[in-house]
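Working notes, structure below.
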Protein chains: 4
Amino acid sequence: MSPIVSEEYKRKKKKEILAGALACFAKKGFQAATIDDIVAYSGISKGAIYNYFKSKEEIYLELLNEQTESANARLAENISKFSSAEEKLEYLFDLYRDMSPFSQERKDRITVQLEFTLHSSRDENLNRILNERGKKFFLKLITDIMEEGQAAGEFRPDTDPSHVSGLFWTFMDGAMLHRVINEEYPYKTIIDYVKSLVLQDLKQE
Amino acid sequence: MSPIVSEEYKRKKKKEILAGALACFAKKGFQAATIDDIVAYSGISKGAIYNYFKSKEEIYLELLNEQTESANARLAENISKFSSAEEKLEYLFDLYRDMSPFSQERKDRITVQLEFTLHSSRDENLNRILNERGKKFFLKLITDIMEEGQAAGEFRPDTDPSHVSGLFWTFMDGAMLHRVINEEYPYKTIIDYVKSLVLQDLKQE
Amino acid sequence: MSPIVSEEYKRKKKKEILAGALACFAKKGFQAATIDDIVAYSGISKGAIYNYFKSKEEIYLELLNEQTESANARLAENISKFSSAEEKLEYLFDLYRDMSPFSQERKDRITVQLEFTLHSSRDENLNRILNERGKKFFLKLITDIMEEGQAAGEFRPDTDPSHVSGLFWTFMDGAMLHRVINEEYPYKTIIDYVKSLVLQDLKQE
Amino acid sequence: MSPIVSEEYKRKKKKEILAGALACFAKKGFQAATIDDIVAYSGISKGAIYNYFKSKEEIYLELLNEQTESANARLAENISKFSSAEEKLEYLFDLYRDMSPFSQERKDRITVQLEFTLHSSRDENLNRILNERGKKFFLKLITDIMEEGQAAGEFRPDTDPSHVSGLFWTFMDGAMLHRVINEEYPYKTIIDYVKSLVLQDLKQE
DNA sequence: GATGAATGAGGTTTCATTCAT
DNA sequence: AATGAATGAAACCTCATTCAT
């Protein structure tokens with residue numbers, strides 16, 4: 001009885017739903033956005049949405065998974081292209097700097113991501129998962145570069161790699177937050193400023 | 001001719017409600033926290049809460065006002081005690097650094113504050129107010145110090161004061177966010193690291 | 001401990017409360033008017049109101065009692081002054097006609113009275129009481145006059161007194177309703193028209 | 001691809017809700033009747049009711065619209081069938097007279113209608129709309145007949161048509177009010193009595 | 001697979017009444 | 001007697017989810 005549709009079709013449909021949900025969650029926040037908002041935005045019926053996701057929360061989680069994974073993949077892939085630690089670090093700063101000007105979709109993702117990050121502080125389990133992932137991926141991404149740079153003599157040896165990594169991600173999250181809430185925030189300039197401070201320091205003998 | 005309870009009493013009651021609300025909003029988020037949560041937490045009846053505040057939203061706004069104002073007051077007051085720009089800047093870094101270890105209440109406030117900041121990006125009007133206030137108070141606090149330091153020859157003259165200010169607040173928001181979501185985040189160490197980077201740079205001739 | 005106040009004082013206070021309640025009930029309706037409205041309007045505290053009346057409903061009922069009784073008293077007293085049935089009937093028509101222009105208070109009373117009358121249709125018991133009273137007082141007031149007039153040969157004998165009476169009160173209620181909802185309703189003119197129709201008919205031999 | 005239920009189905013559902021609401025409003029009054037009353041009475045869930053109407057007030061207004069429109073349609077349609085003004089006027093009197101004995105539903109409608117009419121006196125805007133409609137439709141209905149009758153020489157020319165019209169509607173509202181609150185009110189007899197008074201007078205040369 | 005009407009738990013807010021002072 | 005803060009039942013309305021078609 002059920003028309004059997006291709007996996008391709010299903011994937012497309014899911015993407016449509018996720019895109020609608022992202023826009024709605026960004027616009028109103030997860031709690032305030034309703035399934036009807038998503039229906040209105042995506043043009044997909046309520047029943048159909050529940051065919052693809054079993055709850056509003058699941059949509060949210062999938063949305064966040066999706067973005068972390070794609071971000072991770074992109075980063076890991078590109079970083080390996082550079083040979084020196086300095087270039088790698090520079091690349092990371094520039095990568096984030098060049099996100100600006102932000103597309104609406106990127107702003108939406110960031111808003112939703114930050115909101116979710118905050119929300120995670122309320123859920124022991126979620127929090128542990130996120131921190132674990134943060135350590136394993138984000139923190140390590142830069143400590144690896146730092147260690148590489150220090151081993152190669154590019155960077156001063158007396159700086160704790162995890163401090164640089166912590167500083168980087170702390171700063172990027174702060175910058176994205178400010179960018180999202182303030183159109184006039186000098187996102188690029190400030191990232192460049194921090195980049196110069198950090199690199200200057202690291203290269204000091 | 002009596003239950004005209006003292007203003008003192010009313011103030012105290014309001015504080016109790018706000019304290020309960022803060023805990024609940026921090027624990028669940030503004031949307032997810034219910035009036036019944038606040039009732040359960042504070043032991044104050046639903047009706048009484050509505051005698052003091054006319055809506056859940058009003059409680060939220062009052063909570064945020066309160067914290068901004070107290071923060072503003074504290075900062076402005078203390079900064080003026082120092083005579084050199086360097087000392088002032090150092091004081092600011094140290095002030096934020098020494099917030100750690102965070103009391104539960106401070107974490108709650110920060111969580112709620114960050115959530116609200118994010119939320120504000122969804123409300124044109126609120127957003128404008130917050131950015132205005134940010135510029136007038138937070139940004140200016142540091143650009144003033146910078147200009148003072150540059151005029152006095154303490155700081156190198158070629159750094160844009162607003163970049164330092166932007167960097168500072170970007171960083172502090174990021175650090176508080178990370179601290180709130182990650183118990184193990186080396187908050188103090190990283191703040192000291194950034195402080196050293198910034199001051200080192202500024203004092204370079 | 002309780003200051004013992006005079007009966008006079010109490011009566012005055014009750015009147016004040018009733019006056020405030022009348023205005024509020026007229027303005028919003030019994031259900032929609034709140035005790036706080038009455039507090040605001042009368043300037044008397046909530047506690048005090050509950051010292052004099054044991055519920056909002058009791059205030060309402062007292063208000064209606066008050067007006068029926070005063071109306072009854074006025075009518076009965078004045079009617080007896082006239083000697084002929086025709087004069088009495090004319091007096092009644094004129095009495096109602098000359099209520100216009102209506103003071104705000106009168107309009108309020110009428111609104112509340114009509115609302116109550118309607119409301120009474122929902123309460124078996126109340127309904128019976130009101131109909132009883134209506135028969136005993138209002139209906140009888142005019143059937144008595146009619147019978148007097150027919151006995152005296154003033155009025156044609158073949159008209160059922162109760163029909164004239166029914167017509168009169170039906171009409172007056174309708175006219176007051178229209179007057180209350182429509183500023184431009186030609187209240188006096190229409191009453192005079194009906195009066196002329198009725199008297200003309202009754203005096204026909 | 002289905003539960004796009006037919007328009008027919010929706011209309012029926014709406015009617016069911018309105019019927020339930022009418023009964024509840026009549027029984028308790030608009031304010032006192034609760035959505036849960038309507039749920040209990042109609043057997044339709046709260047959510048479903050809010051799918052069809054966006055507020056309790058909207059249900060009320062629709063109910064009143066419905067009845068005015070159907071009344072208007074019925075009247076306008078039938079009146080035109082008669083050729084003489086006298087017949088038309090007689091038809092109107094008879095139409096209202098023959099509503100009795102009142103079905104429960106008719107009594108409900110009248111109660112709700114009268115309550116609403118009274119209520120309208122509290123809302124400037126509503127009041128204007130209702131009076132406008134009253135003038136345009138109800139008043140005009142009879143002044144037209146009067147003018148027709150006077151032009152044709154059926155009715156005496158010295159009677160102001162608007163007085164007859166005013167008298168008619170004043171009387172009918174009064175009669176319906178009395179009928180609704182008093183089972184024993186001789187509705188038919190009194191209407192016939194008024195009809196005879198009015199027609200007698202109009203036909204006098 | 002798609003649709004959207006139906007459900008009802010649960011949220012916010014109001015307000016008559018009580019009662020300590 | 002007077003006051004008004006406190007109470008909590010009960011009102012209106014929303015919305016995630018289900019399910020008949």
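Residue numbers start from 1 in every chain, and the chains themselves are labelled A, B, ... in the order their sequence lines are given, proteins ahead of strands. Just so you know, these numbers use all the heavy atoms, side chains as well, and skip hydrogens, waters and symmetry mates.
As rounded to whole Å, 13 Å separates atom C1' of F:dA6 from atom CG of C:Asp36. Remark: C1' of F:dT17 and NZ of A:Lys54 are 13 Å apart, rounded to the nearest angstrom. Rounding to whole angstrom units, CD1 of residue A:Ile49 and P of E:dG1 are separated by 16 Å. The CG atom of A:Asn51 sits 14 Å away from the P atom of F:dT17 (whole-angstrom rounding). Put simply, CD on C:Gln31 is 11 Å from P on F:dC12, counting in whole angstrom units. In this entry the distance linking CD1 of A:Ile38 with C1' of F:dC15 reads 12 Å, nearest Å.
In this structure, CD on B:Glu58 lies 10.5 Å from OH on B:Tyr50, to the nearest 0.5 angstrom. Interatomic distance, CD1 of A:Ile129 versus CG of A:Asp123, reported as 8.0 Å (0.5 Å rounding). To the nearest 0.5 angstrom, B:Ile59 atom CD1 is 6.0 Å from B:Ile49 atom CD1. Remark: C:Asp37 CG to C:Thr34 OG1 distance equals 3.0 Å, nearest 0.5 Å.
At a threshold of 4.0 angstrom between heavy atoms, the contacts of D:Ala33 are confined to the sugar-phosphate backbone, with no base atom among them. At a threshold of 4.0 angstrom between heavy atoms, the contacts of D:Tyr52 are confined to the sugar-phosphate backbone, with no base atom among them.
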Query - Base-pair map of DNA chain F as dot-bracket, where | denotes pairing with a different strand and pairs are Watson-Crick or G-U under 3.5 Å - result: .||||||||||||||||||||
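Residues in residues 12-27 of chain C take part in these salt bridge (Lys or Arg N to Asp or Glu O under 4.0 Å) pairs, two or more places apart or across chains: C:Lys14-C:Glu62. Sorted by first and then second residue, the pairs that involve residues 104-127 of chain A and meet ring pair (Phe, Tyr, Trp, His ring centres under 6.0 Å), not counting sequence neighbours, are A:Tyr60-A:Phe116.
For the pair D:Ser120/D:Leu126, a side-chain contact is recorded, criterion being any heavy-atom separation below 4.5 Å from C-beta on. Side-chain contact between D:Arg109 and D:Glu66: present, with at least one pair of heavy atoms (C-beta onward) separated by less than 4.5 Å. Looking at heavy atoms from C-beta onward, A:Leu118 lies out of side-chain contact with A:Leu114 at the 4.5 angstrom threshold. Using a 4.5 Å heavy-atom threshold, the side chains of D:Asp108 and D:Phe25 count as separate.
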Query raised in the report: Hey, mind stepping through C:Val39 and C:Ile35 against side-chain contact (heavy atoms from CB on, under 4.5 Å) and telling me if it holds?
Result: CA-CA 6 Å; C:Val39 167; C:Ile35 297 290; 4.3 Å; yes
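Scanning residues 7-18 of chain A for heavy-atom distances under 4.0 Å to DNA chain E yields A:Tyr9, A:Lys10, A:Lys13. Sorted by residue number, the members of residues 55-62 of chain A with any non-hydrogen atom under 4.0 Å from DNA chain F read A:Ser55, A:Lys56.
Counting non-hydrogen atoms of other residues, nucleotides and ligands closer than 6.0 Å to OH of A:Tyr41 gives a total of 12 or fewer.
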Give me, pair by pair, the N or O atoms of the protein and of nucleotides 8-10 of chain F that are less than 3.5 Å apart, along with how far apart they are.
{"residue": "F:dG8", "atom": "N7", "partner": "B:Gly47", "partner atom": "N", "Å": "3.4"}

